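As structure tokens, the structure follows; a few thoughts come after it.
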Amino acid sequence: MKLYNTLHRQVEEFIPHETGIVKMYTCGPTVYHFAHVGNLRTYIFEDIIEKGLTYLGYDVKRVMNITDVGHMTSDGDTGEDKMQKGAEREHKTVYEVAKFYTDEFFNDCNKLNIKKPAIVSKASDNIDVYIEMIEKMLADGYAYISNGNVYFDISKASDYYQLSGKNPEDLLIGVRDTVEEDKFKKNPADFGLWFTLSKFENPEMKWDSPWGVGYPGWHIECSGISAKYLGEYLDIHCGGVDNIFPHHSNEIAQSEAYFGHKWCNYWCHGEHLNDKSGKMSKSSGEFLTLSLLETKGYNPLSYRYFCLNSHYRNQLVFSFSTLDGAENAYLKLKSKIRSLKKTPDLHEEKLDFYFNNFKDAIENDFNTASMLTVLYDVLKDESLTDFTKLFLVEKFDAVLSLDLIKDEEELNVEVDGILQDLIVRRNIAKKDKNFIVADSIRDEVNKLGYKLLDTREGTIYEKM
RNA sequence: GGGGCUUUAGCCAAGCGGUAAGGCGUGGGACUGCAACUCCCUGAGCACCGGUUCAAAUCCGGUAGGCCCCUCCA
């Protein structure tokens with residue numbers, strides 16, 4: 001199994017700490033608003049990693065956090081809290097906002113066939129863990145208290161810039177004008193572990209701590225939740241590329257300071273989905289949610305297909321015409337599979353050949369486009385029986401999750417009776433060359449939400 | 001200002017030194033009363049320039065364009 005490791009900026013052989021077991025941590029959503037399809041792309045990619053590894057026989061232990069607290073719009077002790085802002089916008093409590101958008105998030109995931117990780121943990125449920133970690137870091141000299149807040153001292157981190165590939169000088173020179181400096185830090189790049197009330201106006205979410213009532217910094221939650229559920233060694237940590245710096249860099253610094261040794265070996269980052277103007281955002285341009293796509297008539301799984309058609313490390317530009325192409329391809333693929341005959345007739349000769357091809361695609365840094373190609377190769381192979389194709393498609397779909405073999409809703413006997421009757425009447429009309437009647441019957445069928453297909457084997461109907 | 005990634009047919013896209021996968025669309029044909037569906041057939045020499053090599057889309061250098069990051073972000 002080979003995968004690209006951001007830590008070393010190259011494709012590497014994947015070797016977990018414990019043979020056969022993969023401990024995987026994926027940064028979850030900040031639940032202050034709906035997810036847009038770009039956010040969702042990252043979760044599709046993580047889903048493919050989990051399922052791909054499972055397909056290869058690994059026992060994947062995956063954890064995801066839900067950020068429901070303390071996510072400042074700037075990393076200092078200034079700026080606004082996204083959760084608080086969301087709550088004010090919607091006249092709800094922070095907890096209500098978090099609950100609502102968490103549910104919406106998993107709703108979207110469900111529509112996209114993204115498996116919910118076995119362990120999902122809310123940032124606000126693990127305050128004790130963060131406090132314990134921070135206390136140890138303070139005791140060991142990795143953190144310091146300043147103006148009531150606790151900061152991580154990056155000068156104590158062994159190799160703070162390893163993940164981002166940056167160097168300190170550049171960071172200092174290039175800091176954006178909009179960033180407000182926190183003058184209580186020793187080093188501008190130090191980051192907050194715990195903020196007390198003194199700096200932020202009465203947040204709804206606050207807890208008692210050895211340093212006063214307050215709330216945790218954004219980065220400590222992931223380190224804490226990961227440590228709590230996956231222990232001191234992590235195999236794969238995923239997220240969007242935007243998290244490389246500072247979020248993941250900070251996590252490494254904290255976790256390694258806390259554990260006293262190397263923590264996570266593989267860092268995988270999903271590239272962004274852009275729109276024609278660049279990076280997709282929630283505040284500018286069209287806010288593309290999955291529901292919006294559904295409103296426009298798209299099948300959510302067409303979007304999944306759209307994502308799988310390219311590699312997770314490629315920037316992808318979203319446009320409706322490209323999505324149209326993906327939906328077209330997806331629906332054709334499904335109908336091709338639907339037409340396969342289910343007569344039990346499994347030929348085993350070429351199974352290994354295709355299983356290996358599919359496995360190669362997974363092992364090649366989760367090359368989903370190649371996985372789809374193997375799928376098309378199977379469907380085109382005339383030496384395979386329909387049943388053999390279905391068998392392979394079903395196995396592949398365990399990773400792809402495109403509902404390729406899922407049966408459409410079971411036959412509605414009543415509707416079927418009506419439609420069969422219409423088909424018979426239309427065929428009679430056709431035979432009599434009474435095409436006006438025939439076409440009006442076809443319109444009638446369309447009004448019922450079905451379309452007629454005149455195949456070589458006769459006329460059948462299909463839901464529109 | 002600093003750093004990184006990227007550039008393959010109309011579009012999406014694979015390719016990882018050995019002679020350009022796949023999909024969508026287009027056009028043509030078969031089928032059809034017509035249409036749709038389905039099935040055949042149909043296309044590029046890989047941004048540009050130079051280098052390394054028996055051999056380069058693949059490696060190296062440069063030029064141009066695009067995107068991203070540099071404490072909000074998936």
Side-chain angles (χ1 to χ4, degrees), chain A residues 2 9 11 26-30 32 35-46 71-76 79-80 82 85 161 164-167 169-176 178-182 188-192 218-219 238-247 249-250 269-274 278-283 305-306 309-311 313-317 319 321-330 332-333 335-336 339 361 364-365 367-377 380 429-431 433-435 438-439 442 451-457 459-460 462:
Chain A
K2 291 194 186 322
R9 299 185 183 281
V11 175
T26 47
C27 284
T30 302
Y32 67 103
H36 63 232
V37 291
N39 298 316
L40 263 9
R41 181 187 182 198
T42 299
Y43 300 103
I44 290 175
F45 133 69
E46 294 169 346
H71 199 157
M72 299 296 121
T73 51
S74 96
D75 200 45
E80 299 165 280
K82 291 192 161 185
K85 213 175 152 187
Y161 297 98
S164 59
K166 299 178 185 307
N167 66 68
E169 295 75 32
D170 299 341
L171 282 175
L172 289 184
I173 295 165
V175 164
R176 267 188 267 142
T178 52
V179 175
E180 292 178 51
E181 269 195 59
D182 181 340
D190 288 348
F191 54 90
W218 170 38
H219 314 291
C238 305
V241 285
D242 51 281
N243 282 148
I244 294 173
F245 190 87
H247 185 50
S249 303
N250 290 172
H269 293 97
E271 254 301 347
H272 281 156
L273 177 74
N274 297 151
K279 189 167 166 177
M280 197 170 273
S281 95
K282 295 181 188 182
S283 49
Y305 181 97
F306 167 84
N309 193 224
S310 92
H311 191 86
R313 281 194 291 111
N314 267 155
Q315 291 180 348
L316 198 54
V317 176
S319 74
S321 63
T322 307
L323 185 62
D324 285 339
E327 171 136 299
N328 220 329
Y330 174 62
K332 279 177 112 163
L333 177 63
S335 92
K336 195 166 291 184
S339 72
N364 182 200
D365 196 20
N367 193 325
T368 48
S370 296
M371 294 180 209
L372 288 175
T373 297
V374 177
L375 180 70
Y376 280 104
D377 287 345
K380 273 188 302 193
K430 279 170 71 178
K431 193 178 261 176
K433 300 207 184 300
N434 193 344
F435 301 123
D439 288 347
R442 184 160 63 193
K451 63 180 173 186
L452 294 177
L453 304 176
D454 291 323
T455 70
R456 288 193 171 81
E457 288 78 28
T459 304
I460 58 170
E462 192 174 83

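Because the structure is a prediction, the values reported are computed rather than measured. Because only heavy atoms are used, hydrogens play no part in the values below, and waters and symmetry mates are left out as well, while side chains stay in. First the proteins, then the strands, lettered A, B, ... as listed; each starts at 1.
- A/S310 contributes no side-chain N or O that forms a donor-acceptor pair with the base of B/A13 under 3.5 Å.
- Closest of all the heavy-atom pairs between A/V241 and A/H269 is CG1-CB, 3.8 Å.
- Atom name P, nucleotides B/U6 and B/A47: the rounded distance is 13 Å, in whole Å.
- With rounding to the nearest 0.5 angstrom, the CG atom of A/D324 is 11.0 Å from the CZ atom of A/F306.
- Counting non-hydrogen atoms under 4.0 angstrom, A/F45 reaches nothing in the nucleic acid.
- Counting all heavy atoms, side chain and backbone alike, A/F435 lies closest to A/K430 at CE2-O, 3.9 Å.
- Remark: the separation of the P atoms in B/C37 and B/C73 is 46 Å, to the nearest Å.
- In RNA chain B, the stems built from three or more successive Watson-Crick or G-U pairs (distances below 3.5 Å) are B:1-7 with B:64-70, B:10-12 with B:22-24, B:27-30 with B:38-41, B:47-51 with B:59-63.
- Within the 4.0 angstrom heavy-atom criterion, no nucleotide atom of any strand lies near A/L375.
- Within the 4.0 angstrom heavy-atom criterion, no nucleotide atom of any strand lies near A/Y330.
- Rounding to the nearest 0.5 Å places OG of A/S310 at 4.0 Å from CG of A/L316.
- Across all strands, A/K2 comes closer than 4.0 Å to no nucleic acid atom at all (heavy-atom distances).
- Minimum interatomic distance between A/M280 and A/V37 (heavy atoms only, all atoms of both residues): SD-CG2, 3.9 Å.
- B/G27 and B/G18 are spaced 37 Å apart, taking the P atom of each and rounding to whole Å.
- Between the OG atom of A/S249 and the CG atom of A/N243 there is a distance of 10.0 Å, given to the nearest 0.5 Å.
- Taking the six-membered ring for Trp and thresholds of 30 and 60 degrees, A/H247 and A/W218 have nearly parallel ring planes, at less than 30 degrees apart.
- At the heavy-atom level, A/G270 lies nowhere under 4.0 Å from the strands shown.
- Going from the P atom of B/C5 to that of B/G62 covers 13 Å, rounded to whole Å.
- Residue contacts for A/H311: at a heavy-atom cut-off of 4.0 Å it reaches the sugar-phosphate backbone alone, with no base atom in range.
- Between the C1' atoms of B/U8 and B/G66, the separation comes to 15 Å (whole Å).
- If you take atom C1' in B/G43 and the same atom in B/G50, they sit 30 Å apart, rounded to whole Å.
- We find the CG-CG distance between A/N309 and A/N314 to be 11.0 Å, quoted to the nearest 0.5 Å.
- Contact annotation: the side chain of A/R442 approaches that of A/D439 to within less than 4.5 Å [non-hydrogen atoms, C-beta and beyond].
- For the side-chain hydrogen bond (donor to acceptor under 3.5 Å, both in side chains) test with A/H272, the passing option among A/T42, A/D242, A/N39 is A/D242; the others fail.
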(request) Heavy atoms under 4.0 Å is the rule here; annotate nucleotides 29-38 of chain B 5' to 3' with B where the base is hit, S where only the sugar-phosphate is, and - elsewhere. (result) ----BBBB-B
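- Taking atom CZ on A/R313 and atom P on B/C68, their separation rounds to 19 Å, with Å as the unit.
- Using a 4.0 Å heavy-atom distance criterion, A/N274 is classed as a sugar-phosphate-only contact.
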